[in-house]
Participant: 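Sharing a structure here in structure tokens format.
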Amino acid sequence: MKKGILIVLSGPSGAGKGTILAEAKKQGLEFALSISVTTRSPRGTEVDGINYFFKTHKQVEEMIKNDELLESKKVYDQIYGTSKKFVEDNLNKGIDVVLEIDTQGALEVKSKMPEAVLIFIVPKDLDTLHSRLVGRGTENEEQVAKRFGKAQGEIAQAIDYDYLLINDKIEQCAAQFINIIEAERLRTSREINKQIIASFN
Ligand code: 5GP
């Protein structure tokens with residue numbers, strides 16, 4: 001049975017992760033996007049169960065205690081975490097799973113599941129990042145400054161990822177994202193490909 005590929009996508013706020021995933025879907029890529037749990041409050045039009053599962057600190061701590069999270073990290077004073085069951089169930093069904101998580105969480109996933117593919121996305125330059133953060137209008141001035149300040153530190157961690165994507169032209173960047181996944185499916189280290197090789201003997 002073919003297992004799905006676990007794809008971890010990170011990048012600073014405003015790099016365009018959501019936009020690239022939506023465009024990749026439009027271009028025909030099929031994947032299950034993991035919905036994280038978080039203790040932070042919903043922003044703007046965010047809906048529970050669609051953007052995040054919004055939980056209390058107590059609920060998330062309980063999930064951590066019960067080993068229900070593949071990884072969990074404190075980001076901007078809030079806890080964010082990935083459901084272990086969602087990831088495992090989809091991978092076992094042969095469905096590729098995308099996690100849109102921060103760099104600390106990504107590296108924890110890689111240490112637990114080395115076959116995970118880590119992709120880091122950056123905007124064209126820092127000015128573009130800043131105008132995207134201001135332009136989307138979902139954070140106040142102080143939050144924009146905090147996220148922008150953190151961005152440079154985050155980008156330095158891209159060196160530990162498998163791939164770097166530059167989000168200049170959306171269609172091209174999404175196509176490159178799809179190309180990475182298609183190449184990853186062909187790795188000889190994937191169980192399904194080992195079986196194909198063995199079947200020739
Ligand atoms: P935001 O509050 O803007 O939705 O997300 C803040 C940061 O938390 C982003 O860098 C996002 O990728 C990260 N994040 C979202 N979900 C998770 C998760 O489940 N685990 C980790 N480690 N980070 C997450």
Side-chain angles (χ1 to χ4, degrees), residues 4-25 29 31-40 43 46 50-53 60 69-84 86-87 90-91 96-126 128-133 136 138-139 143-144 146-170 172-184:
I5 295 175
L6 181 57
I7 302 133
V8 182
L9 182 64
S10 305
S13 295
K17 289 165 285 186
T19 314
I20 293 305
L21 289 178
E23 175 62 26
K25 196 158 242 178
L29 186 73
F31 58 87
L33 180 64
S34 162
I35 302 170
S36 300
V37 297
T38 184
T39 56
R40 86 150 162 76
R43 276 197 302 250
E46 286 182 336
I50 293 185
N51 304 90
Y52 282 103
F53 291 107
V60 175
L69 299 181
L70 173 61
E71 60 77 38
S72 65
K73 285 287 170 281
K74 210 168 182 188
V75 192
Y76 307 118
D77 308 324
Q78 302 292 344
I79 310 174
Y80 295 77
T82 304
S83 160
K84 194 187 257 186
F86 179 88
V87 171
N90 279 290
L91 293 182
D96 297 338
V97 175
V98 175
L99 309 182
E100 203 193 306
I101 63 176
D102 84 314
T103 51
Q104 310 170 71
L107 297 178
E108 189 177 338
V109 169
K110 188 78 175 179
S111 73
K112 286 183 180 164
M113 302 175 78
E115 69 282 14
V117 181
L118 267 52
I119 304 176
F120 198 93
I121 179 164
V122 288
K124 197 173 63 170
D125 50 42
L126 275 179
T128 311
L129 182 71
H130 192 258
S131 33
R132 281 204 199 135
L133 275 178
R136 69 181 186 181
T138 46
E139 284 93 359
Q143 285 166 327
V144 167
K146 202 169 172 186
R147 281 162 192 258
F148 187 66
K150 210 181 163 209
Q152 278 172 292
E154 280 175 333
I155 293 171
Q157 295 192 55
I159 204 77
D160 294 320
Y161 280 60
D162 299 305
Y163 297 95
L164 179 72
L165 281 179
I166 299 165
N167 183 14
D168 187 6
K169 298 196 173 67
I170 293 166
Q172 191 185 5
C173 186
Q176 287 172 335
F177 181 73
I178 295 173
N179 288 345
I180 292 171
I181 293 158
E182 285 176 346
E184 285 291 331

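Residue numbers count from 1 along this sequence. Note: hydrogens, waters and symmetry copies are ignored here, and every other heavy atom, side chains too, is used.
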Participant: Examine distances only and state if a side-chain atom of Lys17 and a backbone atom of Glu100 form a donor-acceptor pair shorter than 3.5 Å.
Facilitator: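 Side chain of Lys17 to backbone of Glu100: no pair is present.
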Participant: Just checking, Lys25 and Phe31: is the charged tip under 6.0 Å from the six-membered ring centre and within 45° of the axis?
Facilitator: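 Lys25 over Phe31 ring: yes.
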Participant: Just verifying a value: how many Å separate Lys73 NZ and Thr82 OG1, rounded to the nearest 0.5 Å?
Facilitator: 9.5 Å
Participant: Please determine which of Ile35, Leu70, Val97 meets the side chain to side chain contact (heavy atoms under 4.5 Å, CB included) test together with Phe86.
Facilitator: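 Running side chain to side chain contact (heavy atoms under 4.5 Å, CB included) over Ile35, Leu70, Val97 with Phe86 returns exactly one hit, Val97.
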Participant: Could you grab the distance from atom CG of Leu29 to atom CD1 of Ile181, nearest 0.5 Å is fine?
Facilitator: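 It comes to 4.5 Å.
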Participant: Is the backbone of Leu99 close enough, under 3.5 Å, to the side chain of Ser34 for a donor and an acceptor to pair up by distance?
Facilitator: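 Pair absent, no side-chain N/O of Ser34 close to backbone of Leu99.
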Participant: Output the distance between atom CG (Leu9) and atom CD1 (Ile119), rounded to the nearest 0.5 Å.
Facilitator: 6.5 Å
Participant: Testing the basics here: between Phe148 and Leu126, what is the closest heavy-atom pair and its distance to 0.1 Å?
Facilitator: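 Heavy atoms only, the tightest pair is CE1-O, 3.6 Å.
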Participant: Taking atom NZ of Lys112 as the centre, report whether more than 12 heavy atoms of other residues, nucleotides or ligands fall under 6.0 Å from it.
Facilitator: yes
Participant: Please answer whether the main-chain N or O of Ala15 pairs with a side-chain N or O of Arg132 as donor and acceptor at a distance below 3.5 Å.
Facilitator: yes
Participant: With a sphere of 6.0 Å drawn around CD1 of Ile166, does it hold more than 12 non-hydrogen atoms of other residues, nucleotides or ligands?
Facilitator: no
Participant: What heavy-atom pair brings Ala174 and Ala24 nearest, and what distance separates the two atoms?
Facilitator: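 Answer, listing the atom of Ala174 first, then Ala24: CB-N, 3.8 Å.
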Participant: Going from OG on Ser36 to CG on Asp102, what distance comes out if it is rounded to the nearest 0.5 angstrom?
Facilitator: 9.5 Å
Participant: Between atom CD of Glu115 and atom CG of Leu91, what is the distance when rounded to the nearest 0.5 Å?
Facilitator: 8.0 Å
Participant: Do you know the tightest heavy-atom contact between Val8 and Ala106?
Facilitator: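 Shortest heavy-atom separation between Val8 and Ala106 comes out as CG1-CB, 3.6 Å.
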Participant: Answer yes or no: is there an ion pair linking Lys110 with Asp160, defined by an N-O contact shorter than 4.0 Å?
Facilitator: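 Looking at Asp160 together with Lys110, the answer is no, because their closest N to O distance does not fall below 4.0 Å.
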Participant: Without swapping roles, check the side chain of Asp162 against the backbone of Leu118 for a donor-acceptor pair under 3.5 Å.
Facilitator: yes
Participant: I'd like to know if the side chain of Gln78 pairs up with that of Thr38 as donor and acceptor (distance under 3.5 Å, no hydrogens or angles considered).
Facilitator: no
Participant: Kindly check if the number of other-residue, nucleotide or ligand heavy atoms within 6.0 Å of CD (Gln152) is above 12?
Facilitator: no
Participant: If you round to the nearest 0.5 Å, how far is CD1 of Ile121 from CG of Leu164?
Facilitator: 9.0 Å
Participant: Under 3.5 Å, side chain of Gln157 to main-chain N/O of Glu154, donor-acceptor pair present?
Facilitator: no
Participant: Consider only side-chain N and O atoms of Tyr80 and Ser72, and report whether a donor and an acceptor are under 3.5 Å apart.
Facilitator: no
Participant: Under 4.0 Å between a side-chain nitrogen and a carboxylate oxygen: does that hold for Asp77 and Lys146?
Facilitator: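 Result for this pair is yes, salt bridge flagged.
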Participant: Kindly determine whether Arg147 and His130 satisfy side-chain contact (heavy atoms from CB on, under 4.5 Å), including the steps that lead there.
Facilitator: CA-CA 9 Å; Arg147 281 162 192 258; His130 192 258; over 6 Å; no
